[in-house]
Amino acid sequence: MDPSMEELRSRGFAVAYRMLGSVSEAEDIVQEGLLRLHQAREAGQRIESPLAYLSTVVTRLAIDELRSARARRERYVGEWLPEPLLTSDEDDPARHAELADSLSMAFLALLERLSPEQRAVFLLREVFDYPYERIAGIVSRAEPAVRQLASRARRHLEEERPRFEASREQRERLASRFFAAVGDGDLEGLESLLAGDVVLHGDGGGKVPAIARALHGRSRVARTLVNWTRTARLGGMSLRRMLVNGQPGAIAVDRDGRLVGVLALDVAGNQIRAVSAVVNPEKLDHLGLPIADMAALLRLER
């Protein structure tokens, strides 16, 4: 029995989004992949596995797109972060586990350090559990070369990934304490939750104010977060807890419930290793919420 259109679209998006970190680009590639699948069938081509066909087309298109995207991202104003995805507690818990393992903002940012081919091979092998022989066909490489690409990608990422992952329960407990400390302006309490080498990332894309480059260090990050929260409250902003890319996070909204930005935490062991804030409105459109007028909010804060 052939998979449904929804199953095909979901599988294609799972590959494309992990490859690109962009919802709009991933959706475009999946649509193109589905069109090519339809055209191949209409032309009488025998396709034993529509999912395998779509995965192959989507991966190849994503590799090409990522090559051109690299040049655009080098010209990007400020730090580039992936477009966030929101989930809720009503979603399937098993799906949460998958999201947390391979869709976190921190993990997607790490993948940016790989070449397009390394990224494709790593994801297909480590996330989607494809055999090397099949991956070789998808990326048009010999199997030994594919194994070498996968090995290099693993070594590259293992240098940066935490040794001790946190369980979902640990992440939620730590996140609750984090947002309570931020809300109360408890600088000392907040610092106790942050890793010594914690990093604060911000992405405004030159469209709205954001930190120009990543901030490092427990004290500096804690002070910045507490000061931001105090300023945000003056403009009537508040935080609503959410799961962001499978990790604890929140959305920031104005007093009318319009979206200001998305905040995601990267938790490992018993500490928060990174905080990522996406406020570029172009990266929030796909979330389906009205976007706040940042210029008006900034005038209120003055």
Side-chain angles (χ1 to χ4, degrees), residues 12-33 57-86 99 102-124 126-127 139 149 152-161 198-216 221 244-247 249 259-266 273-287 291 294:
F13 183 83
V15 174
Y17 176 74
R18 286 171 173 84
M19 280 291 295
L20 300 169
S22 166
V23 173
S24 56
E25 291 172 0
E27 288 176 341
D28 287 345
I29 280 179
V30 172
Q31 192 60 34
E32 176 64 23
V57 172
V58 163
T59 301
R60 291 173 177 173
L61 289 173
I63 288 173
D64 290 340
E65 176 64 26
L66 195 54
R67 288 181 180 133
S68 62
R70 286 287 173 87
R72 294 195 302 273
R73 291 173 190 179
E74 287 176 1
R75 299 190 298 269
Y76 193 80
V77 178
E79 186 175 11
W80 184 94
L81 293 177
E83 294 178 9
L85 294 175
L86 302 182
L99 285 167
S102 65
L103 275 188
S104 74
M105 298 285 280
F107 183 65
L108 291 175
L110 273 181
L111 292 178
E112 287 292 304
R113 304 182 184 187
L114 303 179
S115 72
E117 290 81 6
Q118 282 181 327
R119 186 165 179 163
V121 169
F122 178 84
L123 289 171
L124 291 174
E126 300 298 326
V127 175
V139 299
L149 282 171
R152 287 174 179 170
R154 277 194 295 269
R155 286 199 305 269
H156 197 68
L157 295 182
E158 283 171 359
E159 294 173 0
E160 300 292 337
R161 297 181 75 179
V198 63
V199 185
L200 175 62
H201 303 279
D203 181 346
K207 306 293 189 298
V208 297
I211 55 175
R213 59 185 62 86
L215 300 181
H216 299 259
V221 169
V244 180
N245 287 59
Q247 294 281 352
L259 185 61
V260 175
V262 174
L263 200 69
L265 307 182
D266 177 34
R273 299 180 69 247
V275 181
S276 300
V278 179
V279 292
N280 181 349
E282 293 181 356
K283 292 190 174 184
L284 305 175
D285 273 342
H286 65 279
L287 298 176
I291 306 297
M294 282 297 293

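Only a predicted model underlies this, so the values are computations on that prediction, with no experimental measurement involved. What you see below is based on every heavy atom in this structure, not just the backbone, and it leaves out hydrogens, waters and symmetry mates. Counting from 1, the numbers follow the sequence of the chain as shown.
- The line from CG of L124 to OG1 of T59 is 4.5 Å long, rounded to the nearest 0.5 Å.
- The two atoms that bring G249 and V244 nearest to each other are CA-CG2, 3.9 Å, heavy atoms only.
- Taking each heavy atom of G33 and L61 in turn, the nearest pair found is N-CD1, 4.4 Å.
- To the nearest 0.5 Å, atoms CG (L149) and OG (S115) are separated by 6.5 Å.
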- [ ] Under the side-chain contact (heavy atoms from CB on, under 4.5 Å) rule, what do D285 and I291 come out as? Steps first, then yes or no, please.
- [x] CA-CA 7 Å; D285 273 342; I291 306 297; 3.7 Å; yes

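- Around atom CZ of R213, no more than 12 heavy atoms belonging to other residues, nucleotides or ligands sit under 6.0 Å away.
- Judged purely by atom type and a 3.5 angstrom limit, D266 has no side-chain atom pairing as donor or acceptor with the backbone of A106.
- Taking 4.0 Å as the cut-off between side-chain N and carboxylate O, E25 and R73 count as a salt-bridged pair.
- Interatomic distance, S276 OG to L108 CG, rounded to the nearest 0.5 Å: 10.0 Å.
- In this structure, L20 and A26 approach most closely via the heavy-atom pair CD1-N, 4.1 Å.
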Open item on the list: side-chain contact (heavy atoms from CB on, under 4.5 Å) for H216 and V198? Distances and angles first, verdict last.
Closed with: CA-CA 6 Å; H216 299 259; V198 63; over 6 Å; no

For residues 78-86, run the donor-acceptor check on the side chains, cut-off 3.5 Å, and write out each pair with its distance to 0.1 Å, sequence neighbours left out.
| from | atom 1 | to | atom 2 | distance (Å) |
| --- | --- | --- | --- | --- |
| E79 | OE1 | H201 | ND1 | 3.3 |
| E79 | OE2 | H201 | ND1 | 2.6 |
| E83 | OE1 | V23 | N | 2.9 |
| E83 | OE2 | S22 | OG | 3.3 |

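- Formation of a donor-acceptor pair under 3.5 Å by the R70 side chain with backbone atoms of E112 is found in this model.
- In this structure, L200 and I211 have side chains that are in contact, with non-hydrogen atoms separated by less than 4.5 Å.
- Taking 4.5 Å as the limit, some side-chain heavy atom of Y17 sits within range of a side-chain heavy atom of N245.
- Taking 4.5 Å as the limit, some side-chain heavy atom of L111 sits within range of a side-chain heavy atom of F107.
- The distance from atom CG of L284 to atom CG of L259, rounded to the nearest 0.5 Å, is 5.0 Å.
- E65 and R60 are not joined by a salt bridge, as no carboxylate oxygen comes within less than 4.0 angstrom of a charged side-chain nitrogen.
- Nearest approach of G204 to V279, heavy atoms of both residues: CA-CG2, 3.8 Å.
- Contacts of A277 classified as side chain to side chain contact (heavy atoms under 4.5 Å, CB included), with partners at least two apart in sequence or in another chain: L263.
- Nearest heavy atom pair, residue A120 against residue V139, reads CB-CG1, 4.4 Å.
- In terms of modelled atom types and a separation under 3.5 Å, the side chain of R119 and the main chain of R18 share a donor-acceptor contact.
- To the nearest 0.5 Å, atoms CG (L265) and OG (S104) are separated by 11.5 Å.
- The side chain to side chain contact (heavy atoms under 4.5 Å, CB included) check on R152 picks up Q118, Q148, R155, with sequence neighbours excluded.
- Across every non-hydrogen atom of V30 and V58, the tightest pair is CA-CG2, 4.3 Å.
- With sequence neighbours excluded, no residue forms a side chain to side chain donor-acceptor pair (under 3.5 Å) with E27.
- Remark: N280 engages Y76 in a side chain to side chain donor-acceptor pair (under 3.5 Å) (not counting sequence neighbours).
- Among residues two or more places apart in sequence or in another chain, the side chain to side chain donor-acceptor pair (under 3.5 Å) test is passed with R113 by E160.
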Task: side-chain contact (heavy atoms from CB on, under 4.5 Å) evaluation trace for Q247 with M105 - done: CA-CA 8 Å; Q247 294 281 352; M105 298 285 280; over 6 Å; no

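- In this structure, L114 CG and M19 CE are separated by 9.5 Å, a value rounded to the nearest 0.5 Å.
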